[in-house]
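Both counts, for ligands and for their atoms, begin at 1 and track the order of listing. In what follows, every heavy atom counts, from backbone to side chain, and hydrogens, waters and symmetry copies are set aside.
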Amino acid sequence: MEQYVVKGGVPLRGEVSIGGAKNAALGILAAAIMTDETVTIENVPNVRDTRVLLQAIEGIGAKVKYIYNNTVQINGGSISDLNVEYEYIRKIRASYYLLGALLGKYKESNVALPGGCNIGSSPIDQHLKGFKALGAKVNIDHGVVSAKAENLVGGHIYFDVVTVGATINLMMASCMAEGETILENAAKEPHIVDVANFLNAMGANIKGAGTDVIRIKGVNRLHGCTYSIIPDQIEAGTFMMAAARGDIVIKDVIPKHLESITAKLLEMGCKLVEGDDWIRVIAEGEVGSTNVKTLPYPGFPTDMQPQIAVALALAKGSSMVTESIFENRFKYVDELNRMGAKIKVEGNTAYIEGVEKFTSAQLSAPDLRAGAALVIAALAADGISQIDDIEYIQRGYEDFE
Ligand code: EPZ
């Protein structure tokens with residue numbers, strides 16, 4: 001079991017470069033198999049989740065070649081198996097993107113049902129509703145989702161909840177269907193736009209990504225391309241929150257994608273300087289409190305909720321953090337309280353009393369983003385902390401240390 005040993009108490013100063021967006025990469029790597037030609041993808045974060053998905057892609061027979069550390073080539077021409085094994089889904093939920101990609105290309109796919117994840121039960125009812133709306137027969141038995149269609153015909157799909165996964169899965173499943181598909185109440189995250197841009201680079205016809213109505217006109221086939229993934233908004237935001245006790249320049253970012261995070265740091269009294277592809281966060285003296293509610297993009301991202309909670313736990317005054325997307329995303333609070341934080345969770349809101357200091361402790365990462373937040377807490381605590389279960393953190397952060 002790997003762990004981080006963190007000697008904290010020193011404000012962070014310096015600069016860091018941000019890698020490719022994990023949650024864009026997972027959709028893009030899956031979509032790359034939808035052509036029989038070679039696709040070259042650059043700025044792929046070399047993290048556990050992307051490595052597992054690439055193993056799943058090889059597992060069904062596609063060719064995967066690592067060109068450099070963050071560039072891969074994929075060729076879906078040799079796919080021989082439309083069944084994605086449970087072992088990949090167990091490791092990462094996002095293997096379910098192969099459901100939409102294989103259905104969209106071969107009109108058939110069988111993918112093990114994802115279990116819940118650490119931050120809440122995670123149904124895929126909206127994904128399945130969308131596939132059915134395109135004319136696929138969908139059934140679930142022995143824990144496997146099977147989707148099959150004589151013909152995929154464009155449909156009008158209204159999502160009951162804003163869902164990143166279903167929006168990406170349905171863009172893939174519909175991009176070679178007959179006619180037009182309209183996705184209403186679609187997710188608008190930067191990584192949705194990135195996946196749509198990638199599919200369009202392969203010859204798809206997708207308009208409106210980034211708004212809540214996405215129109216996909218089916219095309220006959222997709223072709224190869226070269227594409228570079230956008231910077232990771234959440235990785236950048238994580239370092240921005242770590243700067244709430246220091247002075248950090250975060251490079252290779254798109255400041256526009258960070259607006260909701262920047263706004264909160266300004267409310268907390270931090271100073272921010274913005275360039276066209278970098279942002280500098282300076283916390284002179286104490287930071288103040290504020291309130292946060294997580295919302296779908298462009299609201300404050302749920303994936304930044306644990307990280308801002310740590311910054312607020314060390315701020316002056318009281319704050320409230322409300323989690324409106326997932327039902328179980330406060331498991332890190334108990335760990336923080338062991339370090340001297342004063343946080344009470346009632347329902348989906350954490351009530352935070354800022355404290356001067358944390359003391360170091362033996363910690364364990366409950367999930368990906370909470371794990372990153374505990375590292376920020378350990379860096380702020382005097383003394384040496386140990387953090388176990390860091391493979392969660394390694395799922396989404398390349399060379400985090
Ligand atoms: C993606 O998860 C991200 N994962 C998550 O990031 C992120 O927290 C989440 O989007 C929200 O931004 C990847 O992109 C791989 P959803 P996803 O479908 O797609 C409910 C990280 O830290 N829902 O947008 O699984 C669902 O239960 C990870 O990188 C349904 O009810 O999230 C949740 O409450 C953690 N039915 C809400 O919608 C469905 O069919 C949002 O889920 C689908 C979702």
Under 4.0 Å from a heavy atom of [X]: give me the atoms of ligand 1 that qualify, with their elements.
{"X": "His127", "value": "40 (O)"}
{"X": "Leu26", "value": "15 (C)"}
{"X": "Tyr96", "value": "17 (P), 19 (O), 25 (O)"}
{"X": "Gln126", "value": "36 (N), 39 (C), 40 (O)"}
{"X": "Leu368", "value": "21 (C), 22 (O), 29 (O)"}
{"X": "Arg329", "value": "8 (O), 22 (O), 35 (C)"}
{"X": "Ile124", "value": "39 (C), 40 (O)"}
{"X": "Gly165", "value": "18 (O), 19 (O)"}

Using a distance-only test with no angle check, is there a side-chain donor-acceptor pair under 3.5 angstrom linking [X] and [Y]?
{"X": "Thr226", "Y": "Glu42", "answer": "no"}
{"X": "Glu398", "Y": "Asn69", "answer": "yes"}
{"X": "Tyr397", "Y": "Thr238", "answer": "yes"}

At a non-hydrogen distance cut-off of under 4.0 Å, which region of [X] contacts ligand 1 (side chain, backbone, both, or neither)?
{"X": "Pro123", "value": "both"}
{"X": "Thr163", "value": "both"}
{"X": "Val164", "value": "both"}

Regarding ligand 1, does [X] bring an N or O atom to under 3.5 Å of one of the ligand's N or O atoms?
{"X": "Lys22", "answer": "yes"}
{"X": "Ile325", "answer": "yes"}
{"X": "His191", "answer": "no"}
{"X": "Val161", "answer": "no"}

Electrostatic pair [X]:[Y] at N-O distance under 4.0 angstrom:
{"X": "Asp232", "Y": "Lys22", "result": "no"}
{"X": "Arg221", "Y": "Asp36", "result": "no"}
{"X": "Glu267", "Y": "Lys264", "result": "yes"}

Residue pair Lys105 / Ile33: nearest heavy atoms and the distance that separates them: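 What the structure gives for the nearest pair is NZ-O, 2.8 Å.
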Rounded distance [0.5 Å steps], CD1 in Ile390 versus CZ in Phe400: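 Ile390 atom CD1 to Phe400 atom CZ measures 10.5 Å (nearest 0.5 Å).
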Euclidean distance, Ile250 CD1 relative to Glu15 CD, rounded to 0.5 Å: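 Glu15 CD to Ile250 CD1: 10.5 Å, rounded to 0.5 Å.
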contact_flag Lys129 ligand 1 heavy-atom lt 4.0 Å: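 The answer is no: ligand 1 sits nowhere under 4.0 Å from a heavy atom of Lys129.
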For Lys132, all residues meeting side chain to side chain donor-acceptor pair (under 3.5 Å), sequence neighbours excluded: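 Listed in chain order: nothing, the list is empty.
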